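Provided herewith is a single structure, encoded as structure tokens, for subsequent inquiry.
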Amino acid sequence: MNLSIVEYPDKRLRQISKKIEKFDKDLHNLLDAMYPIMMGTNGIGLAAIQVAHPVQALILNIPEEDGEQPIENLIEMINPIITKKDGEIIYQEGCLSVPSFYEDITRFENITVNYQDRDSNTKVLEADGLLSVAIQHEIDHLNGILFIDKLSYSRRKKFEKEYKRMQKEKKGSK
Ligand code: QAP
Ligand code: CO
């Protein structure tokens with residue numbers, strides 16, 4: 001499968017991802033193709049909609065202390081639902097679909113998430129810290145929400161200006 005990252009302001013990022021009903025080879029091929037895209041772009045999380053597949057699938061690989069991301073730590077989540085949320089955490093987020101922009105975002109510190117794995121087995125995961133932040137960020141993608149939507153009005157305006165300027169520079173250097 002030949003995938004590429006959809007970048008803001010592409011409207012496709014605003015689609016609502018569909019619940020997955022078939023845990024078939026197509027789903028496995030999609031998940032298998034998402035992994036090298038995420039790793040090759042220095043990502044820690046990627047939702048299927050970011051590679052133009054609006055289905056409720058996401059992958060995560062949170063780095064260890066030493067920065068390594070062994071494949072054993074890969075988490076694949078299908079049809080995730082947050083069932084508990086508590087506390088507050090502020091983390092500087094980025095997004096593969098909003099390249100080169102990072103900003104502090106407030107999220108829930110502790111969450112419980114129910115989801116299915118690629119073989120439709122039901123899973124429950126309690127998360128805190130960076131894993132919790134990453135899960136919330138990726139589940140937002142399934143609902144067409146980007147982290148930049150959470151900025152204050154003035155910060156968002158500043159972002160739009162900077163981002164447009166950056167995109168012009170990108171075009172000019174092609
Ligand atoms: C979402 O984000 C996330 O701008 C995953 O030039 C972010 O993997 C979860 C990336 C923060 C938790 C905390 C961004 C790579 C990667 C860029 C990413 C870039 C290259 C973002
Ligand atoms: Co993102």
Side-chain angles (χ1 to χ4, degrees), residues 3-17 30-71 73-78 80 82 85-113 115 125-151 155-156 158-171 173-174:
L3 300 178
S4 59
I5 303 255
V6 176
E7 292 184 0
Y8 182 80
D10 195 312
K11 292 264 189 328
R12 287 176 291 173
L13 292 169
R14 299 307 187 178
Q15 288 174 278
I16 307 299
S17 293
L30 173 62
L31 292 166
D32 289 346
M34 284 168 65
Y35 178 73
I37 297 255
M38 180 176 75
M39 297 309 284
T41 48
N42 295 316
I44 63 170
L46 183 68
I49 192 168
Q50 293 181 271
V51 290
H53 288 254
V55 297
Q56 291 182 26
L58 61 90
I59 62 173
L60 301 159
N61 196 346
I62 304 302
E64 297 184 337
E65 315 275 80
D66 58 6
E68 292 296 305
Q69 291 173 284
I71 192 164
N73 295 352
L74 175 66
I75 300 174
E76 297 174 338
M77 290 190 174
I78 316 299
I82 294 175
K85 37 197 177 187
D86 233 317
E88 269 190 17
I89 183 173
I90 299 174
Y91 200 93
Q92 190 181 56
E93 299 191 19
C95 180
L96 290 170
S97 294
V98 189
S100 307
F101 181 77
Y102 310 89
E103 189 62 79
D104 282 356
I105 303 291
T106 305
R107 304 263 187 194
F108 298 106
E109 156 79 299
N110 300 287
I111 62 168
T112 303
V113 59
Y115 65 97
L125 178 66
E126 279 183 42
D128 60 17
L130 178 54
L131 178 59
S132 170
V133 171
I135 292 168
Q136 292 171 71
H137 176 114
E138 299 310 331
I139 290 179
D140 271 354
H141 276 299
L142 307 186
N143 296 306
I145 298 167
L146 300 172
F147 81 104
I148 49 170
D149 299 341
K150 302 190 181 283
L151 301 175
R155 208 62 205 75
R156 176 64 177 264
K158 192 158 171 259
F159 158 75
E160 293 292 346
K161 209 172 137 189
E162 280 175 21
Y163 193 79
K164 272 184 195 134
R165 181 162 48 78
M166 220 187 55
Q167 286 201 316
K168 270 188 195 153
E169 280 168 18
K170 258 197 192 172
K171 271 192 197 159
S173 65
K174 264 188 193 167

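Each ligand, and each atom within it, is numbered from 1 in the order the structure gives. None of the values given here were measured: they were computed from a predicted structure.
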For atom 19 (C) of ligand 1, find the nearest protein heavy atom and state the residue, atom name and distance (0.1 Å precision). Tyr102 OH, 3.4 Å
Distance under 4.0 Å to a non-hydrogen atom of Gly45: what atoms of ligand 1 satisfy this? 5 (C), 8 (O)
Using a 4.0 Å cut-off to any heavy atom of Glu93, which atoms of ligand 1 qualify? 11 (C)
Geometry at the Co ion (ligand 2) - His137 NE2 versus Cys95 SG angle, rounded to 10 degrees: 120°
Scan side-chain atoms only and decide if Gln50 and Ser97 contain a donor-acceptor pair under the 3.5 Å cut-off. yes
Check this for me: Gln92, atom CD, are more than 12 non-hydrogen atoms of other residues, nucleotides or ligands nearer than 6.0 Å? yes
May I ask you to list the atoms of ligand 1 that are less than 4.0 angstrom from any heavy atom of Val133? 12 (C), 13 (C)
Of Ile44, Thr41, Ile105, Asn61, which has the heavy atom at the shortest distance from atom 18 (C) of ligand 1? Ile44
Gly94, Gly129, Pro99, Ser97: member with heavy atom nearest to atom 2 (O) of ligand 1: Gly94
Tell me the contacting part of Glu138 for ligand 1: side chain, backbone, both, or neither, using a 4.0 Å heavy-atom threshold, strictly below. side chain
Under a 4.0 Å heavy-atom limit, does Phe147 contact ligand 1 with its side chain, its backbone, both, or neither? neither
Atoms of ligand 1 close to Leu130 [distance to a heavy atom under 4.0 angstrom, numbered from 1]: 12 (C), 13 (C)
If you compare all heavy atoms of Phe108 against all heavy atoms of Ile89, which two are closest, and at what distance to 0.1 Å? O-CG2, 3.4 Å
Using a 4.0 Å cut-off to any heavy atom of Gly43, which atoms of ligand 1 qualify? 8 (O)
Does the pair Lys170/Glu7 count as a salt bridge with the N-to-O cut at 4.0 Å? yes
What I want to know is whether Tyr91 and ligand 1 share at least one N or O pair that is separated by under 3.5 angstrom. no
Side chains of Tyr91 and Glu109: is there a donor and an acceptor less than 3.5 Å apart? no
Within-cut-off N or O pair, Ser100 and ligand 1, under 3.5 Å: yes
Taking the basic N atoms (NZ, or NE/NH1/NH2) and the acidic carboxylate oxygens, is any pair closer than 4.0 Å for Lys150 and Glu93? no
What atoms in ligand 1 come closer than 4.0 Å to a heavy atom of Ala134? 9 (C), 12 (C)
The option among Ile135, Ile5, Leu96 carrying the non-hydrogen atom nearest to atom 15 (C) of ligand 1 is Leu96
Ile59 to Leu31 - nearest heavy-atom pair and separation: CG2-CD2, 3.9 Å
Give me the atom names and distance for the closest heavy-atom approach of Gln69 to Gly43. NE2-O, 3.2 Å
I'd like to know whether the aromatic ring centres of Phe159 and Phe101 sit less than 6.0 Å apart in this structure. yes
Should Asp149 and Arg14 count as an ion pair when the cut-off is N to O under 4.0 Å? yes
